[in-house]
Amino acid sequence: MNAPLASNAPGRHAQRKVSLPSRLADGLSWSVLYLLVGFALTRAATAFWVQFGNPFRETWDALPQILIAVSAGLLLLTIVRVIERKTRLPTELARKFAHLGAGTIAIPAPILFETHYPALIVTITLTGALVVSRRRGWLTSLHGQPERGVGDILFVWAAYLVFLLADGSLLLFLAPVLVLTLADSAAALVGQRYGRTRWPRTGPGRTVEGSAAFCCVAFACALSMLAVFTEVSLVHAMALSLLLGLVAAAVEAAAPRGWDNVSVPFATLFALEILMR
């Protein structure tokens, strides 16, 4: 766990005071988030129109794959529920288990689905399951912490939007999903265990150690994807991966809690598109 921050404030009002640099940093983080999400949604609307097709036929043809994906998602939620009730696993570990599991389920999407409609049905179904669990007070490791907002729901929608925007490109889909799944988990676990230096932001901010772990894992994810799906030289691939890792780590460190589940994959996707030109 991170070392607790010392407080020498003489009273309650002094503890609530937020410095101007912190407020500016917080405003900047929300501004970046709004830009990323706004740009992603604008592009997604265009992609949805271009790929409109025949939603009913495409959904019917992929019904077996939809059932497999939904069953896997519901099984994951059930396992997390059992872990919470039957074990003493720390909340953060249970949450990261769900995070890794969700990413693992999302990764085969380009193999299972030829169009985005089946992925949309899976996303809507799992969103409904998460909403029900939230209202019944289940899965406290996912949505029992108010500061994380609706990060669990944002995760599944981010995966769908990346699938839509990738438009069949395995590189553009897998790289963002892998970074979100693996690098984000590494950042949280390393930050909690070894984090000592917090970034200067308000609230329970990220740590420098966690961001370093995020950057290293994101670098490895990007490098492996570039090696598999492109023919760029190793030196070029390493340079691109380093830049992508730094961008994704910066976005993750600045994002409000829970919203990194959308800002990280979108930033990774857009950075990869720019760097590969």
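Not measured: the values here are computed from a predicted model.
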Legend entry - Check: H99 and N261 side chains under 4.5 Å, non-hydrogen atoms: yes
Legend entry - Partners passing salt bridge (charged side-chain N to carboxylate O under 4.0 Å, His left out) against R81 (at least two apart in sequence or in another chain): none
Legend entry - Pairwise side chain to side chain donor-acceptor pair (under 3.5 Å) hits with a residue in residues 108-125, at least two apart: E58-T115, H116-Y160
Legend entry - Heavy-atom pair with the smallest gap, counting every atom of A158 and P265: CB-CG, 4.0 Å
Legend entry - Residue pairs passing the salt bridge (Lys or Arg N to Asp or Glu O under 4.0 Å) test where at least one lies in residues 263-277, sequence neighbours excluded: R43-E273
Legend entry - Pairwise side chain to side chain donor-acceptor pair (under 3.5 Å) hits with a residue in residues 126-139, at least two apart: T127-W157, S133-H143, R134-D152
Side-chain donor-acceptor pairs of residues 102-110 under 3.5 Å, sequence neighbours excluded:
residue: T104; atom: OG1; partner: L100; partner atom: O; Å: 2.8

Legend entry - ring-ring contact (aromatic ring centres under 6.0 Å, His included) partners of F173, counting only residues at least two apart: F163
Side-chain donor-acceptor pairs of residues 232-239 under 3.5 Å, sequence neighbours excluded:
residue: S233; atom: OG; partner: H236; partner atom: N; Å: 3.2

Legend entry - With sequence neighbours excluded, residues passing salt bridge (charged side-chain N to carboxylate O under 4.0 Å, His left out) with D61: R57
Inset, instruction - Identify whether V70 and L63 are in the same connected component of the hydrophobic contact network (ILVMFWY, side-chain heavy atoms under 4.5 Å). - result: no
Legend entry - Spacing of CZ belonging to F266 relative to CG belonging to L180, to within rounding of 0.5 Å: 10.0 Å
Legend entry - Min side-chain heavy-atom separation L93-L189 under 4.5 Å: yes
Legend entry - Test item: L161 and L41 side chains (from C-beta on) under 4.5 Å apart, heavy atoms: yes
Inset, instruction - Kindly indicate, with the supporting measurements, whether the criterion side-chain contact (heavy atoms from CB on, under 4.5 Å) is fulfilled by S263 and V37. - result: CA-CA 7 Å; S263 63; V37 173; over 6 Å; no
Inset, instruction - Compare all side-chain heavy atoms of L74 with those of L126 and state whether any distance is below 4.5 angstrom. - result: yes
Inset, instruction - Sorted by first residue and then second, give each salt bridge (Lys or Arg N to Asp or Glu O under 4.0 Å) pair with at least one member in residues 172-183; sequence neighbours left out. - result: none
Inset, instruction - Grab the two heavy atoms, one from Q51 and one from L164, that are nearest each other, plus how far apart they are. - result: NE2-O, 3.2 Å
Legend entry - All ring-ring contact (aromatic ring centres under 6.0 Å, His included) counterparts of F219, not counting sequence neighbours: none
Inset, instruction - Please list, chain by chain and in numerical order, all residues satisfying ring-ring contact (aromatic ring centres under 6.0 Å, His included) with F229, sequence neighbours excluded. - result: none
Inset, instruction - Any salt bridge (Lys or Arg N to Asp or Glu O under 4.0 Å) involving residues 116-129? Give me the pairs, sequence neighbours left out, ordered by first then second residue. - result: none
Legend entry - Plane angle bin for F52 and F48 - parallel if under 30°, tilted between 30 and 60°, otherwise perpendicular: perpendicular
Legend entry - Spacing of L272 atom CG and L171 atom CG [to the nearest 0.5 Å]: 4.5 Å
Inset, instruction - Quick one: closest heavy-atom pair of A98 and L76, and the distance? - result: O-CD2, 3.7 Å
Inset, instruction - Calculate, to the nearest 0.5 Å, the distance between atoms OG1 and CD1 belonging to T59 and I66 respectively. - result: 5.5 Å
Inset, instruction - Indicate yes or no: at least one non-hydrogen side-chain atom of L142 is less than 4.5 angstrom from one of L77. - result: yes
